[in-house]
Amino acid sequence: MSRPRLALALLTFGEFLGVSAELVGDLLEEIDRGRPLPWIWRQILGMYGCGLIAVLRERARLSPGLVALALGSTMLALASLASANRVMQAWLSLYYVTGTVSLLATMASQAMGAADRRSGRIAEMPAECLRSYAGRDEQAKQSVDPRDGHSI
Amino acid sequence: MSRESLGHFELLVLLALIRHGDEAYGVPIARAIEESTGKPVILASVYNTLERLEEKGLVRSEFGEPTSQRGGRAKRYFAITSAGLKEVRAAKRALTTLWRGIPVHES
C-alpha cells in the first residue's frame, strides 16, 4: 500500500509544531503495517486535537483582560434580562463585597507579617534562604559535565 | 503518590502496560485497549494519558534506539512503577468491593 502523502506531510508538520517524535514514529509504524485510510485520518485529527487541548491547558490563565471580558459579558447578559437599575445594584453589591473581602485579607496578611517580624521569624529567613541557594549553586556546579557543558 | 483516583482510561492504560511488560510502547498499548474494549483508540490520547501518569509518578519511560521504519524516530518504552502497581491494586479492590452483592444478569 502506498503511503498517503498528505497524511505524512501533516504528521511531519505536527512534529514541527511540537507533537512528540515518538508519537509520530508510532503512527508511521502503523501506517507501514497497512492501517486503513479512515484509521490514519482519525489518528491525525486526534493528534492535532490532543495537541490543541494541551496548548490551551498550558496557556489558559486568569488574566485581568480575561476577567474584565467575562465580567463585561455577564453584565451585558444581565442587562438584556433585567432593568439597568437592577444590573447597577448587582454590580455595586459585588464591587463592595469583593472590595471589603480584599481589604480584610490585606489587613490580615499585614498583621501576620508584623507578628512574624516581632518574633524574629522573618529576620532569620534570608540567611537560611541564602545558605540553601548557595548549596544549590554548588550542587549545580558539580553536576555539569565538562565534556559537553550540559547539566546532567 | 497522587491523591486523585485513577480514571477509567488511565486504568486501562496501566493494565495494558502491565500485560506488555518491557515491550510496552504506544502501539501495543493502544492495540491492547482496542482489543479489550472493541473501540478504536487515538494514539495521541494514549500518549497524553501516559505523560499524565508519568507526572503522577505511576509510570516511568525511557527511549529505545531509533529505527528506519519509524523515519529515524526512537520508541519510548513505558513501565509501571511500584506506586502505579499500588494504585492499580487499590482500584481493583474498590471495584471488586462495589461489584460484590450486585446481581449479575446474563443475557
Side-chain angles (χ1 to χ4, degrees), chain A residues 1-62 143 145 147-152, chain B residues 2 4 7-10 12-13 16-17 19-56 59-80:
Chain A
M1 190 186 121
S2 65
R3 286 172 149 198
R5 280 187 191 174
L6 181 60
L8 293 180
L10 282 171
L11 277 179
T12 315
F13 186 62
E15 199 177 356
F16 173 72
L17 288 178
V19 173
S20 61
E22 57 270 22
L23 170 60
V24 175
D26 281 5
L27 288 172
L28 285 175
E29 195 182 310
E30 287 292 90
I31 291 170
D32 259 5
R33 280 185 187 154
R35 286 280 200 169
L37 267 178
W39 185 92
I40 296 169
W41 284 113
R42 200 184 302 130
Q43 294 295 330
I44 289 171
L45 283 175
M47 183 184 87
Y48 277 96
C50 286
L52 185 68
I53 289 168
V55 168
L56 287 176
R57 269 188 192 159
E58 266 179 31
R59 293 191 183 173
R61 298 272 184 272
L62 272 184
S143 65
D145 189 344
R147 285 169 298 181
D148 56 15
H150 293 299
S151 196
I152 52 172
Chain B
S2 67
E4 298 165 33
H8 177 63
F9 196 67
E10 286 178 335
L12 288 175
V13 168
L17 207 60
R19 263 174 177 258
H20 283 88
D22 293 340
E23 293 297 309
Y25 67 100
V27 174
I29 294 170
R31 275 181 187 257
I33 298 171
E34 269 180 355
E35 283 164 14
S36 64
T37 59
K39 291 174 188 167
V41 171
I42 303 290
L43 256 170
S45 65
V46 172
Y47 271 96
N48 272 4
T49 307
L50 283 165
E51 275 163 16
R52 201 166 55 240
L53 290 170
E54 194 168 23
E55 279 169 22
K56 289 181 185 175
V59 157
R60 63 170 188 275
S61 69
E62 59 183 42
F63 286 93
E65 291 296 313
T67 60
S68 58
Q69 191 195 12
R70 301 164 58 88
R73 294 165 185 90
K75 284 178 187 171
R76 188 172 172 189
Y77 291 101
F78 292 89
I80 193 163

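Predicted model only: the values in this text are computed from it and were never measured. By convention in this document, chain letters (A, B, ...) are assigned in the order of the sequence lines, proteins followed by strands, and residues within each chain are numbered from 1. Just the heavy atoms: all of them, side chains too, but no hydrogens, waters or symmetry mates, feed the values below.
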*Asks:* Working note: B:Glu34 + A:Arg35, criterion salt bridge (charged side-chain N to carboxylate O under 4.0 Å, His left out); need CA distance, chi angles, decisive distance, verdict.
*Replies:* CA-CA 14 Å; B:Glu34 269 180 355; A:Arg35 286 280 200 169; 3.5 Å; yes
*Asks:* Are there more than 12 heavy atoms of other residues, nucleotides or ligands under 6.0 Å from atom CZ of B:Phe63?
*Replies:* yes
*Asks:* Please report the closest heavy-atom contact between B:Val27 and A:Asp26, naming both atoms and the distance.
*Replies:* N-OD2, 3.5 Å
*Asks:* Heavy-atom cut-off 4.5 Å, strictly under: side chain, backbone, both or neither for B:Val41 against chain A?
*Replies:* backbone
*Asks:* Report the option among B:Arg31, B:Glu51, B:Arg76 that has the most heavy-atom pairs separated by less than 4.5 Å from atoms of chain A.
*Replies:* B:Arg31
*Asks:* Yes or no on side-chain contact (heavy atoms from CB on, under 4.5 Å) for A:Arg42 and B:Ile42, after CA distance, side-chain angles and deciding distance?
*Replies:* CA-CA 7 Å; A:Arg42 200 184 302 130; B:Ile42 303 290; 3.8 Å; yes
*Asks:* Let me know which of A:Glu29, A:Glu22, A:Glu15 forms a salt bridge (Lys or Arg N to Asp or Glu O under 4.0 Å) with B:Arg73.
*Replies:* A:Glu15
*Asks:* Counting only heavy atoms closer than 4.5 Å, note whether A:Asp32 contacts chain B via side chain, backbone, both or neither.
*Replies:* side chain
*Asks:* Between A:Val19 and chain B, with a heavy-atom cut-off of 4.5 Å, which part of the residue counts as in contact: side chain, backbone, both or neither?
*Replies:* neither
*Asks:* For A:Cys50 and B:Ser45, work out which heavy atoms get closest and say how close.
*Replies:* SG-N, 3.9 Å
*Asks:* Hey, is CZ on A:Arg5 packed in by over 12 heavy atoms from elsewhere, all under 6.0 Å?
*Replies:* no
